[in-house]
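The next block holds one structure in the form of structure tokens; read it before the comments.
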Amino acid sequence: MTLTLYNTLTRRKEPFEPLEAGKVKMYYCGVTVYDHCHVGHARACIVWDVVRRYLAWRGYEVRYVQNFTDIDDKILNRARAEGSSMAAVSERFIQAYFEDMARLNVMEADEYPRATHTLDGIKRLVHELEQKGYAYPANGDVYYAVHSFAGYGKLSGRKLEDMQAGASGRVDAADLDAPKKRDPSDFALWKAAKPGEPAWESPWGSGRPGWHIECSAMVRDRLGDTIDIHAGGNDLIFPHHENEIAQSEASTGQPLSRYWMHNGMVTVNGEKMSKSLGNFTTIRDLLDRDGANPMAVRLFILQATYRRPLDFTTEAIASAHKSWDTMRDGLLFGYKHGQQLGYSDVDDSSFGNPEYMRMPEDSKAVRRFRESMDDDINTPGALTVLFELAKDLQKESNRLTHDGKTLADPQTLRSQWQTLVVLAQILGLAASPDVGAQRAAPLQEAEIAALIQQRAVAKQAKNWAEGDRIRDQLKAKGISLIDKPGGITDWIRESG
RNA sequence: GGCGGCAUCGCCAAGUGGUAAGGCAGAGGUCUGCAAAACCUCCACCCCCAGUUCGAAUCUGGGUGCCGCCUCCA
């Protein structure tokens, strides 16, 4: 069974073989920190988080690097507007990023390089490109001569002639640097300092790096000349990743990355979610203002294959919440019924922790999960397996609650539960029991019995409204009533 | 205009030559207000046209529609 990944470079799924057996070097082009992250960013972060988790589960030693772009016009603009500094703005949003991602259960990267911390590497790279004839200085700027790199366009499938023919009018009009460029498609590696903007000294004078060179430098700095997986949004294919290839490969003579992976965009009413369109929802608004459950957000994102567009709607989020209810019931099965089913280790601190769990590796569920994930990280297919396990456990849980017995034996159930917990963990889905759920003054059994008696009287008189009122009242206190044949009413305390 | 992608049930979404997974929502029944639970049953000829094939959602050609990139963007 081999893992296959879709490679943007070749436009097909390929068997995954890292440069060095057993080890994976992965780089994700992270965010520019000038504002809070929105659902589109969440998708990218979650998708690559899952790829990374899966590779690790598959036995690879993964080194995962994600950058922060902290030198950028948008950050500067924001700093100006706030009367603060570029450093202060980016620092603030980097912290916000970490808070958001922690809530979404996105694992931390092994390293988070920043452009401002990589200036030496950037300057070295620009210098090298200049020495090798791929770059030229112009009035304090340095540009990359796109025509000097034979492979230019290989990632995005573009030809230089086509691009100029199609876009020349617009580019020339909008590009203030056009007069300094030898060719309209050339791009800046270094920009001369402008008054009042942060700048760094360099052989070309005071200035700051262009966007594309940052990533080339950070990749090389942290992971070396050739990495295994370079990931990012598909809106970065051109020009960003194309330019990265041109810079890195011209300089090292080695392939920059063996696999290029790109996630699809989150859309709103079919249009890309973006700052410029103003149709975005930030992660914190979704979580705080709209009260979305982070795990439901993860489900919403993972129920689509990562390369396709994903439309963000309130209905889709609501549906994801319902799905999560089922999944959560399954994930909590062992906590809820372990005692009753006689699991001897329920009180151990490791109970329920996927890291300590053994699951039957050759079970049908694991096999199907693996087949889906091996097929270019097919998370919707993988989720199918989880839902089947979770649904089954949910039913058994209900049987246990309502009838006091299950269909399957405790050990089979335990095995199913553990399989679910372990596989869910690979997708970053986890539920923990509400320890000490805050519930005001739990009702005494006598009070409950009294209310049930009142309700029985009301029901006898066919006063359904009163009966329902009492049931709702109890429900609000976490007590669910179950009417059984013969006028008997049982009750259970919801575990929350 | 160039390059790329997508079109499968009310909604989301798998499936890449052998007769349509799953989630959400829905209908009927065992059940006797409503609710809860279980069990059973039902719920798609896969955008259109033509072709290849014993056989196509799956391959080929041609349409139609939608989206992304070509400017900062996950």
Side-chain angles (χ1 to χ4, degrees), chain A residues 8 11 13 28-32 34 37-48 69 72-74 153 156-159 161-167 169-171 173-175 185 211 231-240 242 262-267 270-277 280 299-300 303-305 307-311 313 315-316 318-327 368 372 375 378-388 390-391 394-403 407 459 462-465 467-468 471-472 475 480-485 490-492:
Chain A
T8 307
R11 300 194 186 283
K13 290 180 190 173
Y28 159 45
C29 251
V31 294
T32 301
Y34 71 102
C37 288
H38 58 58
V39 179
H41 300 116
R43 182 185 195 188
C45 294
I46 288 170
V47 160
W48 304 126
T69 296
D72 178 85
D73 283 334
K74 288 181 177 173
S156 55
R158 285 155 213 264
K159 297 191 181 78
E161 313 85 73
D162 294 342
M163 291 181 330
Q164 284 158 239
R170 255 184 333 173
V171 167
D175 188 355
S185 298
W211 175 39
N234 68 12
D235 54 349
L236 298 183
I237 295 172
F238 190 90
H240 186 55
E242 193 70 64
H262 293 96
N263 64 277
M265 297 294 102
V266 171
T267 59
E271 276 187 323
K272 178 179 169 180
M273 177 181 285
S274 69
K275 285 283 156 62
S276 44
L277 285 171
F280 62 93
L299 268 185
F300 161 70
Q303 51 92 28
T305 38
R307 287 192 282 132
R308 291 181 43 175
L310 172 60
D311 208 43
T313 61
E315 293 74 29
S319 173
H321 274 98
K322 297 260 181 71
S323 306
W324 173 241
D325 286 343
T326 299
M327 189 68 77
R368 284 172 59 213
S372 286
D375 181 15
N378 181 346
T379 53
L383 279 175
T384 296
V385 179
L386 301 202
F387 275 114
E388 285 173 9
K391 276 235 152 172
Q394 187 186 41
K395 281 182 185 176
E396 292 283 40
S397 170
N398 285 326
R399 282 194 188 103
L400 212 43
T401 301
H402 292 268
D403 299 334
L407 243 46
K459 281 178 66 176
K462 297 207 187 288
N463 185 353
W464 310 124
D468 290 350
R471 186 176 58 207
D472 293 344
K475 180 93 184 170
S480 289
L481 300 184
I482 303 163
D483 292 333
K484 297 197 166 173
D490 272 357
W491 60 271
I492 51 171

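Proteins come first, then strands; the chains are lettered A, B, ... in the order of their sequence lines, and each starts at number 1.
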Evaluate the side chain to side chain contact (heavy atoms under 4.5 Å, CB included) criterion for residues A:K13 and A:D375: first the C-alpha distance (whole Å), next the side-chain angles of each, then the deciding distance (0.1 Å), finally the verdict.
CA-CA 8 Å; A:K13 290 180 190 173; A:D375 181 15; 2.9 Å; yes

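- Ionic pairing of A:R158 and A:E242 is not present here: no N-O contact between side-chain nitrogen and carboxylate oxygen is shorter than 4.0 angstrom.
- Spacing of P atoms, B:rG28 relative to B:rG33, comes out at 16 Å, to the nearest Å.
- Listed candidates were B:rA38, B:rA74, B:rG33. Nearest to the side chain of A:N398 is B:rA38.
- Checking B:rG61 for Watson-Crick or G-U wobble geometry (two distances, each under 3.5 Å) identifies B:rC49 as its partner.
- Distance alone, capped at 3.5 Å, places no donor-acceptor pair between the A:S319 side chain and the A:E315 backbone.
- Nearest-nucleotide positions on RNA chain B place A:V385 closer to the 5' end than the other of A:V385 and A:T267.
- Across all strands shown, A:T326 has heavy atoms under 4.0 Å from sugar-phosphate atoms exclusively, and none from any base.
- The listed nucleotides are B:rA74, B:rA21, B:rC70; the one nearest the side chain of A:P239 is B:rC70.
- Base contact: A:G40 has a heavy atom under 4.0 Å from a base atom.
- Taking the nucleotide of RNA chain B with the nearest heavy atom to each of A:P309 and A:I482, the more 5' of the two is matched to A:P309.
- Remark: A:I46 CD1 to A:N263 CG distance equals 11.0 Å, nearest 0.5 Å.
- Between A:S372 and B:rG15 there is no side-chain polar atom (N or O) within less than 4.0 angstrom of OP1 or OP2.
- Under 4.0 angstrom from either OP1 or OP2 of B:rC34 there lies no side-chain N or O belonging to A:K459.
- The phosphate of B:rC39 has OP1 or OP2 within less than 4.0 Å of a side-chain N or O from A:K395.
- At the phosphate of B:rC67, neither OP1 nor OP2 sits under 4.0 Å from any side-chain N or O atom of A:N234.
- Relative to the side chain of A:D235, the nucleotides B:rA35, B:rA74, B:rC70 differ in distance, and B:rA74 lies closest.
- We find that OH of A:Y28 is positioned 7 Å from P of B:rA74, with the value rounded to whole Å.
- For A:P380, whose side chain is taken as the heavy atoms from C-beta onward, the closest listed nucleotide among B:rG68, B:rA74, B:rA14 is B:rA14.
- A side-chain donor-acceptor contact under 3.5 Å links A:T313 to the backbone of A:A316.
- For the C1' atoms, the distance from B:rG15 to B:rG23 is 16 Å, rounded to whole Å.
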Show your working on side chain to side chain contact (heavy atoms under 4.5 Å, CB included) between A:Q303 and A:L310 and close with a plain yes or no.
CA-CA 9 Å; A:Q303 51 92 28; A:L310 172 60; 3.7 Å; yes

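- For A:E388, counting side-chain heavy atoms from C-beta on, the closest listed nucleotide (B:rG15, B:rG22, B:rC34) is B:rG22.
- Under a 4.0 Å N-O distance rule, the pair A:D468/A:R471 qualifies as a salt bridge.
- The gap from the P atom of B:rA56 to that of B:rA50 amounts to 14 Å, rounded to the nearest Å.
- At a threshold of 4.0 angstrom between heavy atoms, the contacts of A:K462 with the nucleic acid are absent.
- Neither OP1 nor OP2 of B:rC12 sits under 4.0 Å from any side-chain N or O of A:S323.
- Spacing between B:rA21 and B:rC54 at atom C1', rounded to whole Å, works out to 27 Å.
- Contacts of A:C37 with the nucleic acid, taken as non-hydrogen atoms under 4.0 Å apart, are absent.
- Within 4.0 Å of A:L481, counting heavy atoms only, lies at least one base atom of the nucleic acid.
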Does A:R307 form a side chain to side chain contact (heavy atoms under 4.5 Å, CB included) with A:T305? I'd like the steps, not just the answer.
CA-CA 6 Å; A:R307 287 192 282 132; A:T305 38; 5.8 Å; no

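- The side chain of A:R308 contributes no N or O atom lying less than 4.0 Å from OP1 or OP2 of B:rC67.
- The side chain of A:L236 lies closest to B:rA74, out of B:rU16, B:rA74, B:rC34.
- Looking at the side chain of A:K272, the nearest of the listed nucleotides B:rG68, B:rA13, B:rC34 is B:rG68.
- Distances shorter than 4.0 Å separate none of the side-chain N or O atoms of A:K322 from OP1 or OP2 on B:rG22.
- Within the shown strands, nothing qualifies as a pairing partner of B:rA20 under the Watson-Crick or G-U definition with both distances less than 3.5 Å.
- Closest to the side chain of A:F238, from the set B:rG23, B:rC70, B:rA74, is B:rC70.
- Comparing B:rA44 with B:rG26, their C1' atoms sit 15 Å apart, to the nearest whole Å.
- Checking side-chain atoms of A:R43 against main-chain N and O of A:M265 turns up a donor-acceptor pair under 3.5 Å.
- Distance noted for atom C1' between B:rU60 and B:rG22: 31 Å (whole Å).
- Judged by distance alone with a 3.5 Å cut-off, no donor-acceptor contact links the side chain of A:T384 to the base of B:rA14.
- Phosphate contact (OP1/OP2 of B:rA37, side-chain N/O of A:H402, threshold under 4.0 Å): absent.
- The side chain of A:N378 lies closest to B:rA14 when the candidates are B:rC70, B:rA74, B:rA14.
- As judged by a 4.0 angstrom heavy-atom cut-off over every strand, A:G264 is placed among the base-contacting residues.
- Rounded to whole Å, the C1' atom of B:rU8 lies 11 Å from the corresponding atom of B:rC45.
- Here the nucleotide nearest the side chain of A:R158, chosen from B:rA74, B:rG2, B:rA38, is B:rG2.
- Base pairing of B:rC34 is not made with any nucleotide, judged by Watson-Crick or G-U wobble geometry with both donor-acceptor distances under 3.5 Å.
- Residue-level contact check: A:H262 touches neither bases nor backbone, having no heavy atom under 4.0 Å from any strand.
- Counting any heavy atom pair closer than 4.0 Å across all strands shown, A:D325 reaches no nucleic acid atom.
- Partner assigned to B:rC69 is B:rG2, using Watson-Crick or G-U wobble distances below 3.5 angstrom.
- Remark: B:rA27 base-pairs with B:rU41. Criterion, Watson-Crick or G-U wobble with two distances under 3.5 Å.
- B:rA25 and B:rC69: their P atoms are spaced 34 Å apart (whole Å).
- When the side-chain nitrogen and oxygen atoms of A:S480 are compared with OP1 and OP2 of B:rA35, none of them lie within a distance under 4.0 Å.
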